[in-house]
2 protein chains.
Amino acid sequence: MKTARTPSSSPPCDFEATFELLGQKHVLVILRALLEKSPQRFNELQTSTAVNTATLSDRLKRLEHLGLVQHRALAVTPRRADYRLTPMGRDLMRIFRTMMEWRRKYSAATGS
Amino acid sequence: MKTARTPSSSPPCDFEATFELLGQKHVLVILRALLEKSPQRFNELQTSTAVNTATLSDRLKRLEHLGLVQHRALAVTPRRADYRLTPMGRDLMRIFRTMMEWRRKYSAATGS
DNA sequence: CGGAATCCACAAGGATACTG
DNA sequence: CAGTATCCTTGTGGATTCCG
């Protein structure tokens with residue numbers, strides 16, 4: 001797709017790109033899908049996440065670029081590909097749990 | 001402003017809203033500014049973050065709504081307001097540190 | 001000073017069609 | 001099957017103006 005927010009303005013910290021990606025539509029859904037089942041084929045993900053082709057493709061590429069997801073494409077016919085979380089990706093999921101606890105801890109005051 | 005992504009589709013987890021917010025433009029910059037100095041007045045933030053009025057106002061409101069920032073407005077003339085991180089917000093900053101370490105740990109493979 | 005309202009340019013993403 | 005290309009609608013945020 002096109003996406004690309006901050007080409008190279010000095011970010012507050014290096015992980016800004018990570019948040020920008022994680023904050024994009026469907027990214028969390030995709031990660032969760034891959035957490036529940038890895039590897040998954042492209043159209044398996046399409047079904048399990050209900051994200052349209054173009055966007056799904058874009059997100060997976062970005063996730064791969066950030067190192068959260070590993071993509072493997074087999075040159076057979078019909079084509080076959082699979083996506084799975086990398087160790088880095090799995091590690092991030094642990095941090096997510098911390099964040100969920102954090103949310104819960106303050107859930108009374110949030111409103112959302 | 002207008003912003004509002006997922007009104008109420010069942011999210012992968014409750015903290016999705018948090019990521020959507022954190023992933024939006026300027027949010028991280030604003031948080032960092034408030035981390036470095038709290039409280040800050042509205043136009044102090046404007047200067048320190050270089051974010052335009054409308055967007056800054058929008059972000060602050062969302063941050064307040066999520067409970068990360070506290071807003072205090074004094075009814076004097078000229079008006080006076082200040083924004084500061086809540087304990088919840090400060091707590092999040094600790095998680096950020098974890099994430100920065102996580103990024104660093106895998107920095108060789110990311111490309112970004 | 002601290003915003004809200006308006007307007008506008010461009011980015012994001014959904015639907016659909018197409019290809020190796 | 002696994003995407004890419006295209007088109008088109010909607011969202012997002014910058015600039016600017018205005019107001020209490």
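All values reported here derive from a predicted model rather than from experimental measurement. Proteins get letters first, then strands, A, B, ... in listed order; numbering begins at 1 in each.
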*So B:Val27 and A:Phe19, side chain to side chain contact (heavy atoms under 4.5 Å, CB included) or not? Walk me through it.*
CA-CA 10 Å; B:Val27 171; A:Phe19 276 106; over 6 Å; no
*From D:dA2, C:dG13, D:dG3, pick the nucleotide closest to the side chain of A:Arg59?*
C:dG13
*Length of the line joining A:Lys61:NZ and D:dA5:C1', which is rounded to integer Å*: 11 Å
*Kindly point out which of C:dG14, C:dG3, C:dC1 is positioned nearest to the side chain of B:Ser57?*
C:dG3
*Give the nucleotide from the list C:dG13, C:dG2, D:dG13 with an atom nearest to the side chain of B:Arg41.*
C:dG2
*Starting at NZ of B:Lys25 and ending at P of C:dA9, how long is that distance when rounded to a whole Å?*
16 Å
_Interatomic distance where CG belongs to A:Leu56 and C1' belongs to C:dG13 [whole Å]_ = 13 Å
Got a list of side-chain donor-acceptor pairs under 3.5 Å for residues 88-98 of chain B, not counting sequence neighbours?
residue, atom, partner, partner atom, Å
B:Asp91, OD1, B:Arg94, NE, 2.9
B:Asp91, OD1, B:Arg94, NH2, 3.0
B:Asp91, OD2, A:Lys105, NZ, 3.1
B:Asp91, OD2, A:Tyr106, OH, 2.9
B:Thr98, OG1, B:Arg94, O, 3.4

*A:Asp82 CG to D:dG3 C1': how many Å, rounded?*
15 Å
*Interatomic distance, A:Asn52 CG vs C:dT16 C1' [rounded to whole Å]*: 10 Å
*For B:Lys25 and B:Arg59, work out which heavy atoms get closest and say how close.*
O-NE, 3.1 Å
*Where the side chain of A:Thr86 meets the backbone of A:Gly67, is there a donor-acceptor pair that is under 3.5 Å apart?*
yes
*May I have the distance from A:Gln24 (atom CD) to C:dA11 (atom C1'), rounded to whole angstrom?*
11 Å
*Taking CG from A:Leu21 and P from C:dA11, how many angstroms apart are they, rounded to a whole number?*
19 Å
_Pair B:Arg84 + B:Asp82, salt bridge at N-O below 4.0 Å_ = yes
*Over how many whole Å does the gap from B:Leu60 atom CG to D:dG13 atom P extend?*
14 Å
Give me, pair by pair, the N or O atoms of the protein and of nucleotides 17-20 of chain D that are less than 3.5 Å apart, along with how far apart they are.
none

With a 3.5 Å cut-off and sequence neighbours excluded, list the donor-acceptor pairs that the side chains of residues 40-49 of chain B form with protein atoms.
residue, atom, partner, partner atom, Å
B:Gln40, OE1, B:Ser48, OG, 3.2
B:Gln40, NE2, B:Ala33, O, 2.9
B:Gln40, NE2, B:Lys37, O, 3.2
B:Glu44, OE1, B:Arg41, N, 2.8
B:Glu44, OE2, B:Lys37, NZ, 2.2
B:Thr47, OG1, B:Asn43, O, 2.7
B:Ser48, OG, B:Glu44, O, 3.1
B:Ser48, OG, B:Leu45, O, 3.4
B:Thr49, OG1, B:Leu45, O, 2.5
B:Thr49, OG1, B:Val51, N, 3.4

